[in-house]
Amino acid sequence: EWLKSLTAIDQIILLIIYGVCVYLSKITLKSLIDYYDIKKEHSKFRIRFRVTPAALLGLALFYSIIIYNILDDMFEIIP
């Protein structure tokens, strides 16, 4: 019911926030993988990690909750 009561502008705002959060999570996961590679000195025996959709969207959900709460306190336009 809550989602159906949102206007088009509200849905666009939420999609933009989530899109930014997906991008932030991709950067975070890529940075962690690069950090791991540097720590292992790019050994051929290291575990090769990759960014999976579950990790990407899970971290994006975490980021979106944090950013939504921050923006909700700052602005009144957030649904």
Can you tell me if Asn69 uses its side chain to pair, donor with acceptor, with the backbone of Ile65 under 3.5 Å?
yes
Please name all residues satisfying side chain to side chain contact (heavy atoms under 4.5 Å, CB included) with Ile9, sequence neighbours left out, ordered by chain then number.
Thr7, Ile13
So do Ile12 and Ile16 actually touch side chain to side chain, heavy atoms under 4.5 Å?
yes
Report yes or no: do Leu32 and Leu61 belong to one cluster of Ile/Leu/Val/Met/Phe/Trp/Tyr joined by side chain heavy-atom distances under 4.5 Å?
no
Among residues two or more places apart or on two chains, list those pairs meeting side-chain hydrogen bond (donor to acceptor under 3.5 Å, both in side chains) that have a residue in residues 53-64.
Thr28-Tyr63
Counterpart residues, side chain to side chain contact (heavy atoms under 4.5 Å, CB included), relative to Ser31 (two or more places apart):
Ile27
Could you list the residues that satisfy side chain to side chain contact (heavy atoms under 4.5 Å, CB included) with Ile67, not counting sequence neighbours?
Ile17, Cys21, Leu24, Leu71
Contacts of Lys30 that satisfy salt bridge (charged side-chain N to carboxylate O under 4.0 Å, His left out) - sequence neighbours left out:
Asp34
Salt bridge (charged side-chain N to carboxylate O under 4.0 Å, His left out) pairs touching residues 60-69, sequence neighbours excluded, are none
Going only through I, L, V, M, F, W and Y residues with side-chain contacts under 4.5 Å, is there a path from Met74 to Val20?
yes
For Ile66 and Ile70: C-alpha separation, side-chain torsions, deciding distance, then whether side chain to side chain contact (heavy atoms under 4.5 Å, CB included) applies.
CA-CA 6 Å; Ile66 291 172; Ile70 290 170; 3.9 Å; yes
Joint cluster assignment, Tyr23 & Leu29, ILVMFWY side-chain distance < 4.5 Å
no
Count the heavy atoms of every other residue, nucleotide or ligand shown that sit under 6.0 Å from OH of Tyr36, and state whether that count exceeds 12.
yes
Show me, pair by pair, the donor-acceptor contacts under 3.5 angstrom made by side chains of residues 46-53, not counting sequence neighbours?
unit_1 : atom_1 : unit_2 : atom_2 : d
Arg46  : NE     : Asp37  : OD1    : 2.8
Arg46  : NH1    : His42  : O      : 3.3
Arg46  : NH1    : Ser43  : O      : 2.8
Thr52  : OG1    : Ala55  : N      : 3.4

